[in-house]
Structures are given as C-alpha cells and as structure tokens.
Amino acid sequence: MSTLSPAERYAAARARRAAPELQLFRERQDFDLDPFQLEACRALEAGRGVLVAAPTGAGKTIVAEFAVHLALADPRAKVFYTTPIKALSNQKYSELAAEHGAERIGLLTGDTNVNSSARVVVMTTEVLRNMLYADSPLLKDLAYVVMDEVHYLADRFRGAVWEEVIIHLPREVRLVSLSATVSNAEEFGDWLQAVRGDTDVVVSEDRPVPLEQHVLVRSKLMDLFDDSGAIAANRVNPELARLASAGGRPAGTYRGQHPGRHHRKGQGGLGSEGQRQGGLGGGWNAGDRMDRPDVVRLLESRHLLPAIFFVFSRAGCDAAVQQIMRSDLRLTEKWERDEIRDLVEERCRAIPDADLGVLGYWDWLDGLERGVAAHHAGLLPAFKEIIEELFQRKLLKVVFATETLALGVNMPARTVVLEKLEKFNGEARVPITPGEYTQLTGRAGRRGIDVEGHAVIQWIGGLDPAAVASLASRRSYPLVSSFRPTYNMAVNLIEQFGRERTREILESSFAQFQADRAVVDLARRLREQEKSLEAYAEAMRCHLGDFAEYATLRRELTDLERKNARAEGRRGELGNESRSERDKRQRRIAELRRRMKQHPCHACNDREAHARWAERWWRLKREHDQLATQIRGRTGAVAQVFDRVSDVLLELGYLERDQHGRLGVAGPGTALRRIYGERDLLVAECLRSGVWDGLDAAGLAALASCLVFEPRREREEVGEHGLPRGAFRAALEATEAIWERLSELETEHRLPDSDPPSTGIALATQRWAQGAQLDSVLRDADLAAGDFVRWMKQAIDLLDQISIVADGPLGRTARVAIDAIRRGIVAYSAVQ
C-alpha cells in the first residue's frame, strides 16, 4: 500500500466504505480480484443485477461466489445457483459444500434431491423453471439467482428455459448472468435491463492466461501470428503464409521430393536443421501428419502437457487412445500410477466385475495409468467423473475429447490441440464457427499454474492460415434466442396470467426483442400505462355512482356540442349537412344533458375534480390503445406462435372460454401443466385417452424410451420382430395414431410437427427393466454405456412425471418402472 499516492489511498478507502462486503470477500481470497470481477461485485452489492461476459477460465464464477457470500451474510436471504447440465451442478455443489459446509448447500437436479431447503441450492435451470410455474415455497426469501453459462439460451432444444426463468423470476431477485464472450453481450444486457430492471453489463475480453496460437506443420510448431502479436489485425506469420501459397512446401524443397526424407527419427528439438529441411512435398496428404504418439512426445518435450486433443467423433477419441496404447508411450510416474489406481478402485468398488468387463474397465484403467483417456458422451457417467477428477488433479496428461467437453465441466489444460477445423453436424461436414473455436481453445491455460496457454492446429492440405487467424481473432459468437412457446408453457402462463397478459410476457422475450427491439420497450410502456390507468380510475372513483359512465356521457356531450358549433360556423358553405342530421344531433345533445342531470354522480361535490382525473384517464387510454395497436402491428412472431399453440389446445379441450370469451385452463390442462419436454402434448393425450393403462412396468418403461430416444444419426427403426411383445405393441400403435392426429392438427395451425416415436431401444429398455444382464442389453440397444444411461435417465424423468400426473394404477406402474430401470450402471452416478 505504501507505493500508492495519497489520492489513490483515499480512493481505495472510499471504495472499501462503499462496498464493505466486497472488502471482506476480497480478504478471504488467495488472490486479488481482476478489474472486471470488482466491477461486477460492486454492482451486486449496490443492489443491481449483472451480466458478466468473459472468456473461459477468466474467473467469472468469482462473481457468483460473491453472490453466495452476500446471501449468507444476510440472516434470511437465499441464492439459487443454476447450471445447464447435471454434471456442472454436481461439480458446483461439491465445490460450494467444501467451501461453506455441506449443511448449508443443497442440490436439485431432477433425479437428485439433497438438502433442498438450504440457503444455497445448486440446480439445473429446468428445475428452477418448474419451481416458478408451481409457485414453490422454496422461492421464499430468494435474493439471488446465478445463471451459469447463460449463453445456453441459444440452444435450440433447451434454450427457452433460460428465458422463461429470466422473465418469471420476481422483480426483486437479483440476477447474476455468466456468459462466454458473446459478440452481442450489450444487446443481451439491454434486454435484461428491459425485463429485469437495473442490470450492469461487464464485458472482459482479456484472458487471464495469454493464449499462444500455433500451427503444427509435420513436426514443426509454427506461430500462427507474426512476432508483433497483432492478433486484431489478423497478421499471419509470413513464413506460414508462404508455406500455404507453396501448397505446403517450405522454401528449398522441390515438387518431387519425398516428405521427410532428411528427417531421422528421434532427431533433436523442433527447430533443428534436419526438421527444417524435411519438407512437405507436392504430394501432401493426411499421411504426412505426425502420428498421435509423436505429437504427444513433441508436446511433452516442449513442456506443453497436460493437453486436450479435440477429436470430433467418439470413435475417433477411442481410436486415438488405442494408438497411444499401442506405442511405448507412458506419461506418468510410479507414484501417479498408484494414486490413479487407488482413486479408480475406490470409485468403482460398487460396480460388479461382470459389468466392469462389459464396460472395458481393464483396458480403460491401463490407459489411465499411462496418463491418457477419452472423454465423450458414450462413456459411463461414473467413468467420466473419474477422468475429470484425475485431470483436475494433474494425474492425467492427455485427454482425447469431443467438443462437448468445451461446454461442460472445469477441465483446463496447458495445451489444446485441434486436429481438424471441421466437424460433422449430423448432416454434413461443416467448418467450426468462431464461437466454437473460442470455446475449444478457451480450455488452454490454467490460471495460477500456466504463464500462457497454447492452441495447436494440425496442418492439412488446403489449410488457409488467414482463415484460421480470422477464427482466432473474432469475438466469439452472437447470442441468438431459440425461444418458442410450448404447449406446457401456454397452459402454465394462461393459468397464472390469462391470455392477454401472457401475450405481453411473450412480447418481452429475448426472441421478440431481437426480432423487433422496440416491442420490448413498447410493452414495458404499455404496462406502465396500465398502472397509471388503474391509479387514475381510483382517483376518479365517486361514492355516489359509476363516474366512468358519467364521464363517458360528458365526453360525448362535449364532442357533439363542439361539432354543433363548427357546423353553425360553416352554414351557407357548399356541402352543408342536411337539416335532418342537425336535428338528430340536437336530439342526442338534449338526451345526453337529461341523462347527465339524472346520473347520481352529477350531484357529487367533487364532481369537477373527478372529471379532471377522468379526462386524464381518457387521454391516456387513447394513447394506450394506440400503443397496443402499434405492438400488434409489429412482427409479433412469438405471440403469433403462442396464438396458434393456444388454438390447438382450445380445439383439443385443454383450454376453454368462459361466458365472457376469456381463455382459461380446462380440466385436462391441469395435467399438461405438469408435463415437461419435447412431447408434452403427446404424453398428455396418451394419458387422457388411457392407451397406456394396460401396460406392465417393463412395457411402460419401454414406451417411455420411445418418447425420449433420439437416434444420433439416421438409422432404420426396428421391425416388429425387434419390438416387445404383448400389450406394448397395441399401446405403441395407439400412441403413434395419436401422434399422427396431433401432427395433422399442428400442420393445420401452421406449427412445426414433431418426429414420430422412436422404437430403437424399446426392446433393450424392456429387457433391462426385466433384469437382463448389461452385456445383452447393450447389444440389443446398439449403444455405448454412457448413451444407454443417459436415455434411461431421461425415461426416468418422464416416468416420474407420469407417476405424479396419472391417476390410480398407471401412476403406481410408473413408480415400479422407475425402480426397475434405476439399477446397475443407471444407478451408479447422479450425473446425467
């Protein structure tokens, strides 16, 4: 502190007095906070919400931890910490429990309920959405909500949940939104300001650990950018640019030269003369790339491990591990191997040996002990958890992962390697986007451990260094709303707010904000005007009668008298009105004067004061109606979809109109309110029609799998011989008939229809529920263990909803079905 000037010391003292809790929080940290962290925390302590957009690893979560600190400093305040996936929820729960004590932290992830009444509860975003719709008592005293990875609202399947939560949270709850460095953070912040009130947008594009970008050309690691480091200017390393223009041949080579002819295996460091002369001939192909074991050795020699290799396929990840295993590469010391084995054996103790054999446990453990593993959704969740923990403890040196790791748990590395800059999106091979590149390379560089992180792109023929530089230079991706009204959302909102208020809410969505930014401001003005109209109506209230009715008579009389005066002034001009029109107006004026004098409010002593408020009400009402018309004339895309959804629900009897024509929720709609997911209406219709009533527990589990399962790629559905027998087939046919009817109805109402039920794992699910062995079930399902667990957990979620909504025997059958499939590998881990 002695190095500070008197003015700086005074400013620091003032800051401490202005934010005393922040000062306490800072004193408990092992490091001082960065400027963007301080800015966001000060805003929180001042009572404002915050949107923090910063690169991966920059330390955004410190702001969330400060929100936890503020909540715990208050005797009653609660904080909900939401994450997009269960794996992140589990990890954050463990971190907070270690920091604050398990008795103060809760966890809610749909299939896990731990200490739900705690002051700090970690949950998936869907759980909070459901709590808001159910008006859960757990919402009492809620002061803060952290929305980690809020950029997930762009996810086309689950993104709408984020917007629902943001819109429906009570206004007094302060929102802490943590996002990747999206390119339109300010636009998103403007929307948060519009719907949540005071919200500060804090954007940081500084990585706490600088990122060095390289291109691996055969065995030579070249900088992507030139020595000036002018990334913003996309100044590509001239040597790399020359290499690209020469078709991958360094200067000094000739077109017919054999690649690597002068390079001796095991020769010195990366910059050696032999390597520089070992050129890339005109016949450049994938075979000229270094083998993976050699790349790993290269990184090890440069002290660039641990590393994550992003391989855009599960099979590719597994094959990469096998390549390493076939080599003589071993990346761990004996003490590390002992620690790895101890941890793995402890975590897998509950898994029977027969299942371990099916899961390839022994080969997997051998790889772990050598410091290498694959990480993808096909792995058993328990195995993924172990890999993540070993990597965080620096015991694993190389992980080959699909891109889902970049969006998942905290696993930073010193180096990230991208073997390709394109991936299969389910339909075709497409280049990765700047946002994906930023997310992937964001894993490079461990704060507090590494001075710098490294991103390595492996050269392939046709690689354009300028295009790679552009990927590396752009500020991530734009956040685009994926919000659209669902059937479940419609019945919940109409039940709580009615149709008109629901339309206003939807007009406040980020989707509508982006479609027409002005609509959000107009909708907010509309709501403010409605409050003023209510206040004016109260001010003109008369104890003698209906003053609004009296004011309407006065206004009509005033308008007619003015018209009469104008007509008298124009007498004799061409086009005068007829005598009958003048007489008709005079009779109406006389009638209005008589009715006014007879009205009870005419005798009120405060009549003129009431009249002034009535005039203000009238002027504002006219402006309000014009504003409403203006909003209806805007794009209104979201509200239009809501209207179509409502029409479908009205036709099917989930909604009904009362005697005044107002839309409300009918009896069947109460069940639909508690069914969440892509197939909410199909499930509700099947329950309503009783087509599943004759199923046993295994059959119901199999049918639930048909409603949640989505094949990874186009694959033929199984024929009848591959389906469960008995009552299942009749129930499936009835379910498919209902789906067809709903699909036709949606087409009529210009709504996108859903895919038909998928029977791909029905037989495997039935056999699993009946107690079949793991190996035979995985063969039936033709799935990796991790995929099978994920689909079973989704089936459990659906069965849980059915057990709550369905009456009588079917509800009991659903509970039995849950117990039947929640066994073995499905029960080993709470992770999704």
Side-chain angles (χ1 to χ4, degrees), residues 211-224 240 243-244 248 259-260 270 280 284-302 304-327 329 331 367 371-378 387 391 396-407 411-425 428-444 453-465 467-469 471-472:
L211 181 65
E212 296 291 322
Q213 316 249 8
H214 313 281
V215 177
L216 179 59
V217 183
R218 288 206 65 195
S219 58
K220 184 174 183 181
L221 205 58
M222 303 178 68
D223 291 337
L224 174 60
L240 195 58
L243 188 67
L270 272 176
L280 304 173
W284 174 262
N285 56 57
D288 294 318
R289 291 155 63 102
M290 291 181 78
D291 287 338
R292 288 189 181 107
D294 291 333
V295 176
V296 172
R297 288 190 185 94
L298 173 73
L299 297 179
E300 185 182 31
S301 71
R302 287 291 193 94
L304 296 180
L305 297 182
I308 298 173
F309 284 65
F310 282 110
V311 183
F312 298 121
S313 81
R314 300 176 184 187
C317 291
D318 294 334
V321 171
Q322 291 305 311
Q323 257 189 299
I324 303 297
M325 299 290 287
R326 287 194 296 270
S327 73
L329 199 58
L331 304 170
V372 62
H375 188 288
H376 54 70
I387 291 166
F391 198 81
L396 277 185
K397 313 303 179 184
V398 173
V399 169
F400 295 94
T402 54
E403 70 270 26
T404 53
L405 175 62
L407 298 171
M411 275 181 65
R414 176 166 294 172
T415 303
V416 161
V417 179
L418 300 181
E419 296 187 343
K420 293 180 181 177
L421 293 178
E422 62 176 23
K423 66 174 187 175
F424 186 74
N425 67 357
R429 300 206 69 81
V430 295
I432 64 172
T433 66
E436 288 167 335
Y437 184 90
T438 302
Q439 200 79 35
L440 295 167
T441 58
R443 289 287 169 195
H454 297 266
V456 177
I457 298 102
Q458 278 199 275
W459 178 279
I460 59 170
L463 185 74
D464 180 3
V468 178
L471 274 179

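As a basis for the values below, the full set of heavy atoms in this structure was taken, side chains included, without hydrogen atoms, waters or symmetry mates. Treat the numbers as computed from the prediction; the structure is a model and nothing was measured.
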*Heavy-atom side-chain contact between L216 and I457 under 4.5 Å*: no
*asked:* Any non-hydrogen side-chain atom of R414 less than 4.5 Å from a side-chain atom of L299?
replied: no
_side-chain contact (heavy atoms from CB on, under 4.5 Å), that's the test. Do F309 and V398 meet it? Break it down for me._
CA-CA 7 Å; F309 284 65; V398 173; 3.8 Å; yes
*Spacing of D223 atom CG and E212 atom CD [to the nearest 0.5 Å]*: 6.5 Å
_Which heavy atom of F391 sits nearest to which heavy atom of P412, and what is that distance?_
CE2-O, 3.2 Å
*Where do L305 and K397 come nearest, in terms of heavy atoms and distance?*
CD2-O, 4.0 Å
*Between atom OH of Y437 and atom CD of Q213, what is the distance when rounded to the nearest 0.5 Å?*
3.5 Å
*Hey, are the side chains of T415 and V456 touching, using non-hydrogen atoms and a 4.5 Å cut-off?*
yes
*asked:* Restricting to non-hydrogen atoms, name the atom on A373 and the atom on L396 that form the minimum distance, rounded to 0.1 Å.
replied: CB-CD1, 4.0 Å
*asked:* Using the ring-ring contact (aromatic ring centres under 6.0 Å, His included) criterion, which residues pair with H376? Sequence neighbours excluded.
replied: none
*Which atom pair, heavy atoms only, marks the closest approach of F310 to L440?*
CE1-O, 3.5 Å
*asked:* List the residues meeting salt bridge (Lys or Arg N to Asp or Glu O under 4.0 Å) with E419, not counting sequence neighbours, and say none if there are none.
replied: R292
_To the nearest 0.5 Å, what is the distance between CG on L329 and CG on D291?_
12.0 Å
*Is there a side-chain contact between T402 and V311 (heavy atoms, below 4.5 Å)?*
no
*Rounded to the nearest 0.5 Å, what's the gap from CD1 on I308 to CZ on F400? Could you check?*
11.5 Å
*Once the angle between the rings of H454 and H214 is folded into 0 to 90°, is it parallel (under 30°), tilted (30 to 60°) or perpendicular (over 60°)?*
parallel
_Nearest-0.5 Å distance that lies between atom OG in S313 and atom NZ in K420_ = 8.0 Å
_How close do L221 and L304 get, counting heavy atoms only, and between which atoms?_
CD2-CD1, 4.1 Å
*Grab the two heavy atoms, one from A455 and one from T441, that are nearest each other, plus how far apart they are.*
CB-CG2, 3.8 Å
